[in-house]
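Here is the structure we will look at, set down as structure tokens.
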Amino acid sequence: MKTPALLCPLLLWTATVFALDEAQISQRIQILERAGHFAEAVSYYEEWQRLAPDKAPVVRGHARALSAIGEYQRIVDLLDAWLERYPKDGPAALLLGDAHRELDEPDRAIASWRRAIDKINAASYGQVADRCRAAGLRQEAIRILREAQQIQPGLYSWELASLYLEENDYRPAIEMFIASLRQAPQRLPVVSNRLETACRADGAAVLQTLKTLPADEPLLLAQLTTSCALAAGDFESGLAAL
């Protein structure tokens with residue numbers, strides 16, 4: 001059977017990979033990836049790694065190309081070997097965790113993502129928590145951001161409040177929203193909207209939580225209680241808060 005005419009140049013082009021230097025390989029990978037030919041790009045990444053076995057961007061690019069074609073186990077094999085040699089490569093650890101997630105291995109995903117955390121840099125916790133949250137692992141995301149707050153108190157209060165609200169854990173959610181509003185009072189309409197949404201589904205629990213909070217910010221607490229009570233249809237509580 002004859003090879004389709006349109007594929008002949010691509011096959012010939014790919015076959016020349018072993019005769020190219022790094023700059024040429026990089027250029028061809030860019031062209032292939034822009035055209036969506038990730039499977040063909042993988043061959044170039046393999047040769048590029050042979051020429052430059054210690055270049056982290058090459059390994060990460062290789063992993064991304066494999067991800068684009070759904071070769072997640074190959075990513076695991078690639079990055080496990082790489083991280084044995086370079087255990088502090090945080091971006092590679094994130095990509096490894098992403099592959100484990102796609103393989104439906106949440107415990108391994110979490111363990112891999114956590115390898116990207118720099119314990120002296122609180123900002124590094126955020127990208128790991130984001131991945132856990134996207135995977136539906138909200139309790140793990142909460143634990144990670146709490147760990148970050150041990151390094152830098154107050155950091156990620158907004159993100160933690162949102163996570164607690166998603167978990168229907170209203171007291172820490174509201175406490176952290178209030179803490180966030182002390183720093184950014186312009187967020188009050190956003191906080192009110194989020195709590196009102198929760199009240200439409202679980203108004204009694206949200207209002208009861210608001211009633212038990214210490215009155216450190218009486219005006220703010222009254223505003224939130226009133227808007228939540230109205231959203232929940234509890235007009236009596238709304239009037240009492242005024």
Side-chain angles (χ1 to χ4, degrees), residues 1-119 121 123-138 140-141 144 159:
M1 187 173 76
K2 295 179 68 176
T3 303
L6 289 175
L7 287 180
C8 288
L10 181 59
L11 292 173
L12 180 62
W13 205 46
T14 305
T16 63
V17 60
F18 299 107
L20 303 176
D21 61 24
E22 288 188 59
Q24 291 170 319
I25 290 174
S26 175
Q27 184 181 40
R28 292 204 174 184
I29 285 174
Q30 289 179 39
I31 293 169
L32 286 167
E33 290 186 336
R34 285 171 186 164
H37 297 301
F38 293 98
E40 291 82 359
V42 167
S43 298
Y44 283 92
Y45 277 117
E46 290 171 347
E47 175 60 11
W48 198 355
Q49 278 191 251
R50 188 187 68 80
L51 294 174
D54 299 318
K55 284 192 174 179
V58 177
V59 175
R60 297 173 200 157
H62 189 180
R64 293 188 185 98
L66 289 169
S67 178
I69 59 175
E71 291 284 356
Y72 302 113
Q73 187 56 54
R74 288 175 67 184
I75 296 171
V76 171
D77 296 340
L78 171 71
L79 294 180
D80 273 343
W82 173 257
L83 287 165
E84 281 186 14
R85 296 169 58 205
Y86 300 99
K88 294 185 179 181
D89 187 348
L94 292 174
L95 291 169
L96 177 59
D98 294 344
H100 281 302
R101 177 193 172 186
E102 293 293 343
L103 292 169
D104 197 23
E105 299 170 341
D107 290 342
R108 291 182 178 181
I110 291 168
S112 298
W113 288 330
R114 276 186 167 275
R115 293 177 68 173
I117 291 174
D118 178 355
K119 293 187 177 180
N121 177 15
S124 69
Y125 289 73
Q127 59 189 345
V128 179
D130 286 344
R131 278 172 157 82
C132 290
R133 185 178 188 176
L137 303 166
R138 288 192 291 266
E140 185 64 25
I144 289 167
E159 292 81 0

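These numbers were taken from a predicted model, which means no experiment stands behind them. Because only heavy atoms are used, hydrogens play no part in the values below, and waters and symmetry mates are left out as well, while side chains stay in.
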For this session: Would you check, one step at a time, whether the test salt bridge (Lys or Arg N to Asp or Glu O under 4.0 Å) holds for Asp89 with Arg60?
Result: CA-CA 10 Å; Asp89 187 348; Arg60 297 173 200 157; 2.8 Å; yes
List the atom of [X], the atom of [Y], and the distance in Å for their closest heavy-atom pair.
{"X": "Glu159", "Y": "Arg133", "answer": "O-NH1, 4.4 Å"}
{"X": "Gly90", "Y": "Ala116", "answer": "O-CB, 3.5 Å"}
{"X": "Ile75", "Y": "Ala63", "answer": "CD1-O, 3.4 Å"}
{"X": "Leu96", "Y": "Asp80", "answer": "CD2-OD1, 3.5 Å"}
{"X": "Ser124", "Y": "Val128", "answer": "O-CG2, 3.8 Å"}
{"X": "Pro53", "Y": "Trp82", "answer": "O-CZ3, 3.3 Å"}

For this session: Applying side-chain contact (heavy atoms from CB on, under 4.5 Å), run through Asp21 and Gln24 and close with a yes or a no.
Result: CA-CA 5 Å; Asp21 61 24; Gln24 291 170 319; 3.2 Å; yes
Problem set entry | Residues Tyr72, Asp98; criterion side-chain contact (heavy atoms from CB on, under 4.5 Å); working and verdict | CA-CA 9 Å; Tyr72 302 113; Asp98 294 344; over 6 Å; no
Answer whether the closest heavy-atom distance between the side chains of [X] and [Y] falls below 4.5 Å.
{"X": "Leu78", "Y": "Gln49", "result": "yes"}
{"X": "Tyr45", "Y": "Val59", "result": "no"}
{"X": "Pro87", "Y": "Arg115", "result": "yes"}
{"X": "Cys132", "Y": "Ile144", "result": "yes"}
{"X": "Glu140", "Y": "Arg114", "result": "yes"}

Measuring from atom [atom1] of [X] to atom [atom2] of [Y], what distance do you get when rounded to the nearest 0.5 angstrom?
{"X": "Trp48", "Y": "Leu20", "atom1": "CH2", "atom2": "CG", "result": "11.5 Å"}
{"X": "Trp113", "Y": "Leu137", "atom1": "CH2", "atom2": "CG", "result": "6.0 Å"}
{"X": "Arg131", "Y": "Arg101", "atom1": "CZ", "atom2": "CZ", "result": "9.5 Å"}
{"X": "Arg64", "Y": "Ile69", "atom1": "CZ", "atom2": "CD1", "result": "15.0 Å"}
{"X": "Ile29", "Y": "His62", "atom1": "CD1", "atom2": "NE2", "result": "9.0 Å"}
{"X": "Leu83", "Y": "Ser112", "atom1": "CG", "atom2": "OG", "result": "8.0 Å"}

For this session: Start with the C-alpha gap between Lys55 and Glu22, add the side-chain angles, then the distance that decides, and say whether salt bridge (Lys or Arg N to Asp or Glu O under 4.0 Å) holds.
Result: CA-CA 11 Å; Lys55 284 192 174 179; Glu22 288 188 59; 2.8 Å; yes
For this session: Before giving the answer on side-chain contact (heavy atoms from CB on, under 4.5 Å), spell out for Tyr44 and Leu32 the whole-Å C-alpha distance, their side-chain angles and the decisive distance to 0.1 Å.
Result: CA-CA 10 Å; Tyr44 283 92; Leu32 286 167; 3.6 Å; yes
Exercise. Asp54 and Tyr86: side-chain donor and acceptor closer than 3.5 Å?
Worked result: yes
Problem set entry | Worked check of side-chain contact (heavy atoms from CB on, under 4.5 Å) between Ile25 and Leu51 | CA-CA 10 Å; Ile25 290 174; Leu51 294 174; 3.7 Å; yes
Exercise. Does a salt bridge link Arg74 with Glu46, judged by any charged N lying under 4.0 Å from a carboxylate O?
Worked result: yes
